[in-house]
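Okay, structure first, notes after.
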Amino acid sequence: MCKIGSPLLSFLLCSLCTPLHALIQSIFDEHALDDMISDGHETKIQENALNDNFYKKEFQTLWNYINHKYAYTVEFDSEELIHKSIAHIDDKMFVAKLQYTVTTGEQDENWDFEKLDNGVAFAAEKSKTYTLERSERTSIKYDLIGKIAFGAKLTRKSAAKILSGIHPRTFAMFQNNPEEFITKAIRLINEQKATMIVEQITYNQTDGTYDSTIFTAEKNTDFTRAYHAKKHVQDYVFVDGYAKDGRSIEREFAENMDLAEEVCVYAKLPKGFSIPTPVGNYSPDWAIAFNKGAVKHIFFIAETKGTMETLNLKLIEKAKIDCARKLFGNLSTAGVVYETVDSYQHLLDVMERI
């Protein structure tokens, strides 16, 4: 044992004894330093593993109902879609020329590093915005027809007919910003497609299924905003869906489910769990298993929205929801119900009238 006059110095020296002793021991024992060296490559991200709730028979029954993968078939009049898309693009397409702003000012005489770091060392006096007139042409080659056909899930022939049918003034906007033009053209075509597909779509179950690992595939590093749940299939729920007033619709929904005696177990479905639609994949929010006898329907798939006004939902978003409703409608024999709600009370009200 180390003994020395000063208690503080004694403490410091003694704290070195153990590692020094281990270092000396390593001459004779190759494993003496094993406990002192950690793996630098070892993950330091907090785990959010599946807990016992996932393995409850109620959730396993629900999961076995919904974890199948599906393929869809849809029929619609291609010529009608082409004509509607041409008119819609001519009406809604706008791609501005690129602009840049030049701001001038003077440096503060009494500036220091803190002011410079905070961006207040210079006082802006005026600014002017210029339009970028590019006489040169970019060397980047765009497969315009291919990109739009791929993004809108059309044949190249249909995409070519739409592009050739729009007004030359509209097509000229492609030169202003090719990437923005392509993105907007795909969105505008999909909006028209969204109004035509729901009645004609049919879903067929494939041989594929979702594995339970999709719940833990996404690694979250910030647990400060996560909700520590009781009945969720993982200890923490990572919510989004913040309304304008800063209130989290999803967090409030999870809190209410944790308190509700009629709820047995629930899951915030990961993004990896998705339903294919002609206007893009769709991921529902929640899978809920209720206690038998507590409510009319035992199993529920829910989508939480801040507003239930149909007019406030974008055409593509509404089409995805309608496709999901049609798919889960085919599972009605299994007691699985799908609906969009804006609160847990709304969910209970919906179950009463179904």
Side-chain angles (χ1 to χ4, degrees), residues 47-74 198 201-220 227 229-239 250 253-254 256-277 280-304 320-341 344 347-348 350-352 354:
E47 291 294 326
N48 192 26
L50 293 170
N51 57 31
D52 291 341
N53 289 328
F54 178 81
Y55 300 99
K56 286 184 176 180
K57 64 178 182 180
E58 292 84 355
F59 189 79
Q60 284 297 303
T61 302
L62 171 57
W63 182 238
N64 288 330
Y65 281 145
I66 68 172
N67 72 345
H68 302 283
K69 294 183 179 181
Y70 291 85
Y72 67 83
T73 56
V74 61
V198 177
I201 195 167
T202 302
Y203 281 98
N204 296 292
Q205 184 175 310
T206 69
D207 293 333
T209 58
Y210 288 103
D211 190 84
S212 62
T213 56
I214 65 171
F215 286 95
T216 55
E218 185 177 347
K219 301 300 181 182
N220 297 281
Y227 170 58
K230 300 175 183 176
K231 298 179 181 179
H232 190 255
V233 297
Q234 295 165 278
D235 290 343
Y236 292 91
V237 182
F238 291 84
V239 298
E250 290 190 354
F253 195 79
N256 288 333
M257 285 193 290
D258 266 340
L259 293 174
E261 292 185 358
E262 59 270 14
V263 174
C264 176
V265 57
Y266 67 95
K268 179 76 167 66
L269 291 170
K271 297 300 181 185
F273 179 89
S274 62
I275 299 167
T277 83
N281 289 344
Y282 165 71
S283 297
D285 286 328
W286 307 95
I288 310 161
F290 291 90
N291 289 312
K292 190 173 183 179
V295 294
K296 184 177 180 181
H297 298 279
I298 300 176
F299 304 119
F300 214 95
I301 306 298
E303 172 77 18
T304 43
K320 290 180 179 181
I321 289 173
D322 288 342
C323 287
R325 184 175 285 111
K326 195 159 188 178
L327 168 62
F328 287 112
N330 295 334
L331 298 179
S332 58
T333 54
V336 179
V337 179
Y338 170 86
E339 193 54 74
T340 54
V341 296
Y344 179 70
L347 173 64
L348 295 179
V350 166
M351 284 193 295
E352 285 296 319
I354 293 178

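Please read all numbers here as calculations on a predicted model, not as lab measurements. Computation of the quantities below employed the complete heavy-atom set of this structure, encompassing side-chain atoms and omitting hydrogens, waters and symmetry-equivalent molecules.
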Straight-line distance of Ile301 CD1 to Ile288 CD1, nearest 0.5 Å: 7.5 Å
Do Phe253 and Leu347 touch side chain to side chain, with heavy atoms closer than 4.5 Å? yes
Just by modelled atom types, is the Val265 backbone N or O under 3.5 Å from a matching donor or acceptor in the His232 side chain? no
Non-hydrogen atoms of Glu261 and Asn291 that approach each other most closely: O-ND2, 2.8 Å
Nearest heavy-atom approach of Asn53 to Lys231 is ND2-C, 3.3 Å
Checking Asn67 now: which residues fulfil side-chain contact (heavy atoms from CB on, under 4.5 Å) with it, not counting sequence neighbours? Trp63, Asn64, Thr209, Tyr210
Please identify each residue that fulfils side-chain contact (heavy atoms from CB on, under 4.5 Å) with Glu218, with sequence neighbours left out. Asn220
A side-chain contact here means heavy atoms from C-beta on lying under 4.5 Å apart; do Val341 and Val350 qualify? yes
Side chains of Phe273 and Ser283 in contact at under 4.5 Å (non-hydrogen atoms): no
What are the two closest heavy atoms between Thr304 and Glu250, and how far apart are they? OG1-CG, 3.5 Å
Would a distance-only check, ignoring hydrogens and angles, find a side-chain to backbone donor-acceptor pair under 3.5 Å from Asp235 to Ala49? no
Is the closest side-chain donor-acceptor distance between Tyr282 and Glu303 under 3.5 Å? yes
Tell me every residue that passes ring-ring contact (aromatic ring centres under 6.0 Å, His included) with Phe238, counting only those two or more places apart in sequence or in another chain. Phe223
State which residues pass side-chain contact (heavy atoms from CB on, under 4.5 Å) with Ala254; sequence neighbours excluded, sorted by chain then number. Tyr227, Tyr266, Trp286
Asp322: which residues meet the salt bridge (charged side-chain N to carboxylate O under 4.0 Å, His left out) condition with it, sequence neighbours left out? Lys318, Arg325
State, to 0.1 Å, how close Glu47 and Lys219 come at their nearest heavy-atom pair, and which atoms those are. OE1-NZ, 3.5 Å
Side-chain heavy-atom pair Val337, Phe328 within 4.5 angstrom cut-off: no
Minimum heavy-atom separation for Gln205 to His68, with atom names? NE2-ND1, 3.4 Å
Is a side-chain N or O of Gln234 found less than 3.5 angstrom from the main chain of Asn48, in a donor-acceptor match? yes
Could you state the interatomic distance from CD1 (Ile66) to CG (Leu269), rounded to the nearest 0.5 Å? 5.5 Å
Heavy-atom side-chain contact between Val233 and Phe215 under 4.5 Å: yes
Quick one: pull up CZ in Phe300 and CG in Leu348 and give me the separation to the nearest 0.5 Å. 9.5 Å
Can you check whether Ile201's main-chain N or O pairs, donor with acceptor, with Lys326's side chain at less than 3.5 Å? yes
Does any N or O in the side chain of Tyr203 come within less than 3.5 Å of the main-chain N or O of Pro276, such that one atom is a donor and the other an acceptor? yes
Measure from the side-chain N and O atoms of Asn281 to the backbone N and O of Ser274, and report whether any donor-acceptor pair falls under 3.5 Å. no
Closest non-hydrogen atom pair between Ile275 and Pro284, with its separation: CD1-CG, 4.1 Å
When the ring centroid of Phe299 is compared with that of Phe290, is the distance short of 6.0 Å? no
Looking at residues at least two apart in the chain, or sitting in another chain, which of them share a side-chain contact (heavy atoms from CB on, under 4.5 Å) with Ala260? Glu262, Val263, Tyr344
